[in-house]
Protein chains: 2
Amino acid sequence: MATRGRPRNFDRKDALRRAMEVFWTQGFDNASMTDLTRAMQINSPSLYAAFGSKEALFKEAVDLYVRTEGNGIWDQVDTVPTAREAIEHVLRASARAYTRGSESRGCLIVLAAPQMQGANATVCDELKKRRANNVHVLERRLQRAVEEGELSPGTDCRAIATYFATVQHGMSIQARDGASRQTLMSIADCAMATWDKLVQPP
Amino acid sequence: MATRGRPRNFDRKDALRRAMEVFWTQGFDNASMTDLTRAMQINSPSLYAAFGSKEALFKEAVDLYVRTEGNGIWDQVDTVPTAREAIEHVLRASARAYTRGSESRGCLIVLAAPQMQGANATVCDELKKRRANNVHVLERRLQRAVEEGELSPGTDCRAIATYFATVQHGMSIQARDGASRQTLMSIADCAMATWDKLVQPP
DNA sequence: TTATTTTTATATCATTCGTAACAGAAAAGG
DNA sequence: CCTTTTCTGTTACGAATGATATAAAAATAA
């Protein structure tokens with residue numbers, strides 16, 4: 001219970017945050033243990049003792065990413081009054097999250113393990129599931145809007161959710177290519193211009 | 001001039017095509033020499049003799065990709081009568097190119113080297129330039145449409161070009177996550193639904 | 001002091017890309 | 001026809017780096 005033995009010489013949370021930054025900019029495979037330990041300012045045995053493995057560290061880093069950087073993107077989807085506002089908020093919050101000062105990094109969930117073959121299969125799956133879940137969150141929100149009368153029955157909620165998720169994913173690539181926050185916002189605006197037409201009854 | 005020495009025992013074009021497939025599904029870093037030589041059915045010294053290096057092989061593979069798989073996407077942009085048709089064609093042709101039978105692979109240009117740090121910097125730059133060029137092609141096409149009267153003056157050609165490129169990039173991620181051709185087509189439809197609103201005078 | 005845990009440093013074992021050495025195959029020149 | 005030249009194919013290797021494990025030293029609580 002009480003901490004016995006030699007106390008840890010580094011802040012676990014802080015080390016994890018640094019690891020997240022490395023994974024965010026380098027991806028899973030491209031982040032070597034050397035990169036990680038240097039950034040975390042610890043030696044590899046400390047890393048293994050504290051986190052278990054590179055893979056486990058990555059999963060914790062993804063969790064942290066979602067809780068911190070990704071926070072403010074998805075949490076308002078169900079609280080905001082309309083589906084339209086919810087989706088617009090997701091896109092604009094993404095544009096904000098993907099750019100930080102002059103740096104544009106895009107989304108860790110989208111970019112950290114894009115090769116579905118080779119590499120670590122469980123890592124790829126982990127991220128893939130999270131992406132799929134995001135689509136589902138949007139889809140459910142749209143369905144709710146149908147039930148509440150905001151959208152007409154017969155709206156293809158899945159198609160619309162997939163479309164907006166696609167735009168969000170594309171924004172990550174643009175960010176990696178150096179797109180500014182302003183550019184990403186403009187993309188969000190263009191995407192939202194679809195709204196009235198998309199939700200029209202067919 | 002005439003070929004002297006022992007003749008090559010494999011078809012260079014065929015080997016290159018196989019290498020392209022490997023790079024397409026695995027990306028640059030994730031494609032190991034072992035993966036490549038096995039797929040190409042040659043030993044590594046033959047690879048180095050015929051292509052120079054992994055990097056040079058990749059660049060040739062990208063060229064081949066653009067000439068074959070990517071063909072039919074961009075070549076009609078300037079010949080089709082309207083900008084609207086041009087862009088719709090790019091999106092739909094992309095949806096077709098990114099899916100092949102039951103396989104969905106997305107775009108090599110977008111997916112083969114997404115980490116801009118670490119890895120091979122020249123490879124990343126190569127792909128980044130090609131992506132930027134695609135945006136430019138769209139932008140010029142839109143500008144032409146303005147000049148020809150199809151679109152109203154004051155249309156923000158760059159923003160619209162960037163937006164549609166973003167959708168195309170996002171489609172690659174969706175494809176990697178297993179999206180069917182039908183799903184990608186539906187995404188293209190949603191994106192095109194923006195058209196009338198986007199090109200409205202502000 | 002003893003037990004427990006972390007740190008540092010080093011070892012390990014696989015895999016990476018790339019090369020050197022040599023044998024085999026064809027054309028060029030006598 | 002035989003030798004020389006020039007190229008390819010094969011095998012094996014090398015140097016570097018990857019992730020992970022072990023061993024001894026250090027630090028703290030009981």
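Note: hydrogens, waters and symmetry copies are ignored here, and every other heavy atom, side chains too, is used.
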Among [options], find the nucleotide with the atom closest to the side chain of [X].
{"X": "B:T34", "options": "C:dT16, C:dT6, C:dG18", "value": "C:dT16"}
{"X": "B:F10", "options": "D:dG9, D:dT20, C:dT19", "value": "D:dG9"}
{"X": "A:P45", "options": "C:dT19, C:dA26, C:dT8", "value": "C:dT8"}
{"X": "A:N9", "options": "D:dT8, C:dT7, C:dT19", "value": "C:dT7"}
{"X": "A:S53", "options": "C:dT19, D:dT28, D:dT20", "value": "D:dT20"}
{"X": "A:S32", "options": "D:dA26, D:dG18, C:dA3", "value": "D:dG18"}
{"X": "A:S46", "options": "D:dT10, C:dT7, C:dC17", "value": "C:dT7"}

Task: Cation-pi geometry met for A:K59 and A:F51 (6.0 Å, 45°) - done: no

- [ ] Please determine if B:D63 and B:R130 form a salt bridge, counting it only when a charged side-chain N lies under 4.0 Å from a carboxylate O.
- [x]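 Between B:R130 and B:D63 there is a salt bridge, with a charged N closer than 4.0 Å to a carboxylate O.
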
Open item on the list: Can you see whether A:T183 engages A:S180 through a side-chain donor-acceptor pair at a distance of less than 3.5 angstrom?
Closed with: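 There is such a pair (donor and acceptor under 3.5 Å, judged by atom type) between the side chains of A:T183 and A:S180.
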
If I take atom [atom1] in residue [X] and atom [atom2] in nucleotide [N], what distance separates them, rounded to the nearest angstrom?
{"X": "A:L47", "N": "C:dT6", "atom1": "CG", "atom2": "P", "result": "13 Å"}
{"X": "A:R38", "N": "D:dG18", "atom1": "CZ", "atom2": "C1'", "result": "14 Å"}
{"X": "B:Q41", "N": "D:dG9", "atom1": "CD", "atom2": "C1'", "result": "15 Å"}
{"X": "A:N120", "N": "C:dA14", "atom1": "CG", "atom2": "P", "result": "19 Å"}
{"X": "A:R4", "N": "C:dT6", "atom1": "CZ", "atom2": "P", "result": "12 Å"}
{"X": "A:Y48", "N": "C:dT5", "atom1": "OH", "atom2": "C1'", "result": "20 Å"}
{"X": "B:I42", "N": "C:dG18", "atom1": "CD1", "atom2": "C1'", "result": "14 Å"}
{"X": "B:N43", "N": "D:dC7", "atom1": "CG", "atom2": "P", "result": "20 Å"}

TODO: Could you pick out which residue, B:P7 or B:M33, lies toward the 5' side of DNA chain C when each is mapped onto its nearest nucleotide?
DONE: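 The residue whose closest nucleotide sits nearer the 5' end is B:M33.
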
Open item on the list: For a quick test of reading the model, state the closest non-hydrogen atom pair linking B:G106 to B:A175 and the distance between them.
Closed with: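 Closest heavy-atom pair between B:G106 and B:A175: N-CB, 3.5 Å.
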
- [ ] Ignoring hydrogens and angles, answer whether the base of D:dT28 and the side-chain atoms of A:R6 contain a donor-acceptor pair closer than 3.5 Å.
- [x]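 Absent.
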
Task: Spacing of B:E69 atom CD and B:R100 atom CZ [to the nearest 0.5 Å] - done: 4.5 Å

